[in-house]
Amino acid sequence: MSSDSTYYVPEQSKLPIFASLGLFLTVFGLANWLNGAENGPAILFVGFLVFAFVLWSWFNIVITENLQGLNSTQLKRSYVWGMGWFIFSEVMFFAAFFGALFYVRQLALPWLAGEGSHDTATETLLWPGFVAEWPLMQTPDMAANGENAKVFGPDHSMSFAEASSLWTWLPFWNTVVLLTSSITVHFAHTGLKNNNRKQFHLWLGITVFLGVVFLILQAEEYLHAYNDLGLTLSSGIYGTTFFMLTGFHGAHVTLGTFMLLVMFLRAILKGHFKHDDCFGFEAASWYWHFVDVVWLGLFLFVYILG
Amino acid sequence: MAHGPAKGITRWLFTTNHKDIGSMYLWFSFMMFFLGGIFALVIRAELFEPGLQIVEPEFFNQMTTLHGLIMVFGAVMPAFVGLANWMIPMMVGAPDMALPRMNNWSFWILPFAFAMLVSTLFMEGGAPNFGWTFYAPLSTTYAPPSVTFFIFAVHIMGASSIMGAINIIATILNMRAPGMTLMKMPLFVWTWLITAYLLIAVMPVLAGVVTMMLMDIHFGTSFFDAAGGGDPVLFQHVFWFFGHPEVYIMILPAFGIISAIIPTFARKPLFGYASMVYATASIAFLSFIVWAHHMFTVGIPLVGELFFMYATMLIAVPTGVKVFNWITTMFKGSMTFETPMLFSVAFVILFTIGGFSGLMLAIAPADFQYHDTYFVVAHFHYVLVPGAIFSITAAVYYWLPKWCGNMYNELMGKTHFWLAFIGLNLTFFPMHFVGLAGMPRRIPDYALQFADFNMISSCGAFLFGAAQVLFLFNVLRTITVGKKASDEVWENPEGLEWSVPSPAPYHTFSTPPEVR
């Protein structure tokens, strides 16, 4: 138990209500857009600007407070707890999508194809001829309705074909890039801890670069999927799970890269972070390790065993 | 930090004070309680007698949906968060919540989210009409266009809940006064700590499931569409993985409140403090492995039915520990029955009834008969109304003198209690009978043999509603012209919150108190 007697409680702040307004306008605009209202994109854009500006100001204030020495060790611990449990909530978000993948592969598809005693009628009456397989190339709709089907499977899947082609397999290189970046961000951390600014800057810069490389490779893979493999978001449940899992991961990598980039700019332009006071950087690097771990799950369950 | 509240409206808009934010949460929840209550009365008015008389079936469905959503996410959850805001810093001897600005953000998201949700009533195609559980494909393929707004409202209120939960965890784990060890914390703090973990674990899953809906509706994915290889039942699995812990999110803090009030009015320390902590943790753990008991009739394998049946029944053990402890606390105590105590004793009795009907529903083969009947409605209203709502009401009467410095009117409080008690039993008890006799839920019309019980239910509902108006009046009267309360308010109550003056100063425990 800490005995610090002064826990800094900030004065009134305009940030929260404008953050709420920005968040609201963003989703309200997006919902309008999706429902085909003309003003949707405009509202979304305004909302996003408000939200981005508030976040900018918010971090600005938090950093300034820390530089002013207002943050006691106890307060810093609150930020640590906050970031830690935020990452846990992100883990649970991915758990929902991984859970959906497992459920569909292991239970729903075999049942649709008539396995088990309780719903063979589904297969006989609704989807005659459907065979469960993974990756699911032929949807139940195709099995039952042939050319008249509405939901088609992909022409090709993304799963791992054979060991000999490993070196030309893009997901493998993506894995290499992302795993390496987790190590480089750790080198950056070590550099900072040892008061070696040069090492810190260099390895952090390399990490951001690797993050960008990953995203470019991922975009390349998506283009390949859409253009050459006939694999899209609407290619039945395989396309659904493939793009939703890798897509949300990619979105998190984007956010993580952005966070690390901000830390990089703060470090080289403003000289922020000291060897014993660098939580902003540490939080971003935790987040980075987290997206790395999620990728390992994806690599295993979506690609290798895919 | 030294001065008091700012003047005017900006005090509330820009505040970082846990007491202000707590008050806003509580008032917001009270407003939503009345709005959700009005929707409930529309339902009960339509069901007063058989036949369709007041509303269209389509609108009836919107009422059942919005009543559920607003009561769960707008009334009960924010009320508990409001109580957490007010009480946790004072109970653990902290100067405020750990992250005060984020605290205000968590609150202010809610008015926006609910404005968006309620505005769907005025949209083309009407409000969401698929029930608060929004099962696919009703909520995807067959949903009105307003479902998109519903999805985003859920997204941002989920963000609010996650931030609130993180704040509560950081406050409890990091901000306790010296000497306030974990096993000295009041049970309200303990139950909220565990609830906060439930929130962090399941709100993202809710966000996941509504995201899947959004993708199915607007981007052609096949999560819940068997034609593409998905499965509508997948929706139910993901939803109830969130949904079952969610119902404990709405009851665990209630356990904490009751565990604070009963010892005060029985004038005995709480019996079995440590077992209460372990029971709460056990219930929270079990809540993650029972979700499919909501889906016994959907077509899951026999082994699944058995597993979820036995796991569900296990919950009766820690819950039984709690009820036993409350009763044992009262045993041979010098009991008095002020309003908070009346609500608490009623909680113990009526919540237990809801628990027993839950056990009946947990029996998989019997559930095939009960599923989707009014018996289920009776069950969850017995755990939520005399459970969550009564505990919140008890908490308001118990701590209101500390919050505003004035004592409520006891006679009016007791009248409120008896009206609410009679009203809710009249409303919900007959639902057990019509449910067992086969009346389905979420239907605007019903067969003639259910007429008498439904008429009684409707009368009870209006009585219960009227009692809440009296509650509102009593609260307003207390704040404006109530008699001064003493600092201790009650006779020798436990807890740091009673060691500060009434009303509690704007800032309490700027320097942490010493806890023995």
Side-chain angles (χ1 to χ4, degrees), chain A residues 1 3 5 7-17 19-21 23-24 27-28 30-31 34-35 58 74 77-79 81-82 85-86 88-90 92-93 95-97 99-100 103-104 108-109 112 116 118-119 126-127 136 139-141 149-151 153 233-234 236-240 244, chain B residues 1 6 10 13-16 94-96 98-102 104-105 108-109 112 116 145 148-149 152 155-156 159 162 166 169-170 173-176 178 200-205 207-209 212 215 218-223 225-231 233-234 237-238 241 299 301 511-512:
Chain A
M1 197 89 296
S3 60
S5 55
Y7 191 90
Y8 171 63
V9 177
E11 290 297 327
Q12 288 209 322
S13 170
K14 293 191 176 74
L15 296 167
I17 191 147
S20 310
L21 179 70
L23 191 60
F24 163 72
V27 295
F28 185 69
L30 187 54
L34 290 175
N35 279 6
W58 199 318
Q74 193 186 12
R77 230 170 16 240
S78 290
Y79 285 130
W81 281 111
W85 290 109
F86 168 68
F88 176 69
S89 78
E90 292 269 50
M92 291 307 293
F93 182 78
F97 287 88
Y103 176 79
V104 166
L109 287 178
L112 267 180
H118 64 288
D119 55 4
L126 291 176
W127 317 108
L136 186 73
T139 61
D141 200 11
K150 294 193 188 73
V151 190
L233 193 54
S234 39
I237 195 65
Y238 179 76
T240 299
M244 290 304 285
Chain B
M1 170 82 198
T10 61
L13 295 180
F14 305 149
T15 188
T16 49
D96 206 294
L99 303 160
R101 283 176 292 225
M102 191 173 84
N104 198 30
W105 191 18
W108 276 107
I109 286 174
F112 287 105
M116 188 155 78
T148 314
F149 292 90
F152 284 118
H155 267 132
I156 63 175
I162 291 170
I166 288 174
I169 289 176
L173 294 183
N174 191 30
M175 307 273 290
R176 279 168 291 131
I200 292 192
V202 302
M203 293 314 280
V205 177
V209 77
M212 293 178 198
M215 299 306 290
H218 290 290
F219 298 98
T221 55
S222 303
F223 281 112
D225 182 9
D231 186 356
V233 178
L234 169 63
H237 281 294
V238 187
F241 184 85
T511 40

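Both backbone and side-chain heavy atoms feed into the values below; hydrogens, waters and symmetry mates do not.
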Which of the residues [options] is involved in the greatest number of heavy-atom pairs with chain B at under 4.5 angstrom?
{"options": "A/Gly236, A/Pro140, A/Ser234", "result": "A/Pro140"}
{"options": "A/Tyr238, A/Phe86, A/Phe97", "result": "A/Phe97"}
{"options": "A/Gly239, A/Ser89, A/Ala100", "result": "A/Ser89"}
{"options": "A/Leu233, A/Val104, A/Leu15", "result": "A/Leu233"}

Interatomic distance, [X] atom [atom1] to [Y] atom [atom2] [nearest 0.5 angstrom]:
{"X": "B/Thr221", "Y": "A/Met244", "atom1": "OG1", "atom2": "CE", "result": "6.5 Å"}
{"X": "A/Leu34", "Y": "B/Thr148", "atom1": "CG", "atom2": "OG1", "result": "6.0 Å"}
{"X": "B/Met175", "Y": "A/Trp81", "atom1": "CE", "atom2": "CH2", "result": "14.0 Å"}
{"X": "B/Ile169", "Y": "A/Phe88", "atom1": "CD1", "atom2": "CZ", "result": "9.0 Å"}
{"X": "A/Trp85", "Y": "B/Ile166", "atom1": "CH2", "atom2": "CD1", "result": "10.0 Å"}

Compare all side-chain heavy atoms of [X] with those of [Y] and state whether any distance is below 4.5 angstrom.
{"X": "A/Met92", "Y": "B/Phe241", "value": "yes"}
{"X": "A/Leu23", "Y": "B/Phe112", "value": "no"}
{"X": "B/Phe14", "Y": "A/Glu11", "value": "no"}
{"X": "B/Asn104", "Y": "A/Ser13", "value": "no"}
{"X": "A/Tyr79", "Y": "B/Leu99", "value": "yes"}

### Message
Looking only at heavy atoms and a cut-off of under 4.5 Å, which of B/Ala159, B/Ala226, B/Ala207, B/Gly230 has the most pairs with chain A?
### Response
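The residue among B/Ala159, B/Ala226, B/Ala207, B/Gly230 with the greatest pair count is B/Ala226.
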### Message
Quick check on the interface: out of B/Ala94, B/Pro100, B/Ala201, who has the most heavy-atom pairs with chain A under 4.5 Å?
### Response
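When all of B/Ala94, B/Pro100, B/Ala201 are compared, B/Ala201 has the most.
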### Task
Can you tell which part of A/Leu109 gets under 4.5 Å to a heavy atom of chain B, answering side chain, backbone, both or neither?
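The answer is the side chain of A/Leu109.
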### Task
Please state whether the side chain, the backbone, both or neither of A/Leu21 comes within less than 4.5 Å of a heavy atom of chain B.
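Answer is both: backbone and side chain atoms of A/Leu21 are under 4.5 Å from chain B.
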### Message
Can you confirm whether or not the ring centre of A/Phe28 sits under 6.0 Å from the ring centre of B/Phe149?
### Response
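Yes, they do, as the ring centres are separated by less than 6.0 Å.
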Heavy-atom cut-off 4.5 Å, strictly under: side chain, backbone, both or neither for [X] against chain A?
{"X": "B/Asp231", "answer": "side chain"}
{"X": "B/His155", "answer": "neither"}
{"X": "B/Ile162", "answer": "side chain"}
{"X": "B/Met203", "answer": "neither"}
{"X": "B/Pro145", "answer": "both"}
{"X": "B/Leu13", "answer": "both"}

For [X] versus [Y], what's the shortest heavy-atom pair and its separation?
{"X": "B/Asn174", "Y": "A/Ser78", "answer": "ND2-OG, 2.8 Å"}
{"X": "A/Leu136", "Y": "B/Gly229", "answer": "CD2-CA, 3.9 Å"}
{"X": "A/Ser20", "Y": "B/Trp105", "answer": "OG-CD1, 3.0 Å"}

### Message
I'd like to know if the side chain of A/Thr240 reaches the main chain of B/Ser222, judged simply by a donor and an acceptor atom lying under 3.5 Å from each other, with no hydrogens or angles considered.
### Response
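Between the backbone of B/Ser222 and the side chain of A/Thr240 there is a qualifying donor-acceptor contact (under 3.5 Å).
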### Query
Just by modelled atom types, is the B/Ala6 backbone N or O under 3.5 Å from a matching donor or acceptor in the A/Gln12 side chain?
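Judged by distance alone, no pair lies under 3.5 Å.
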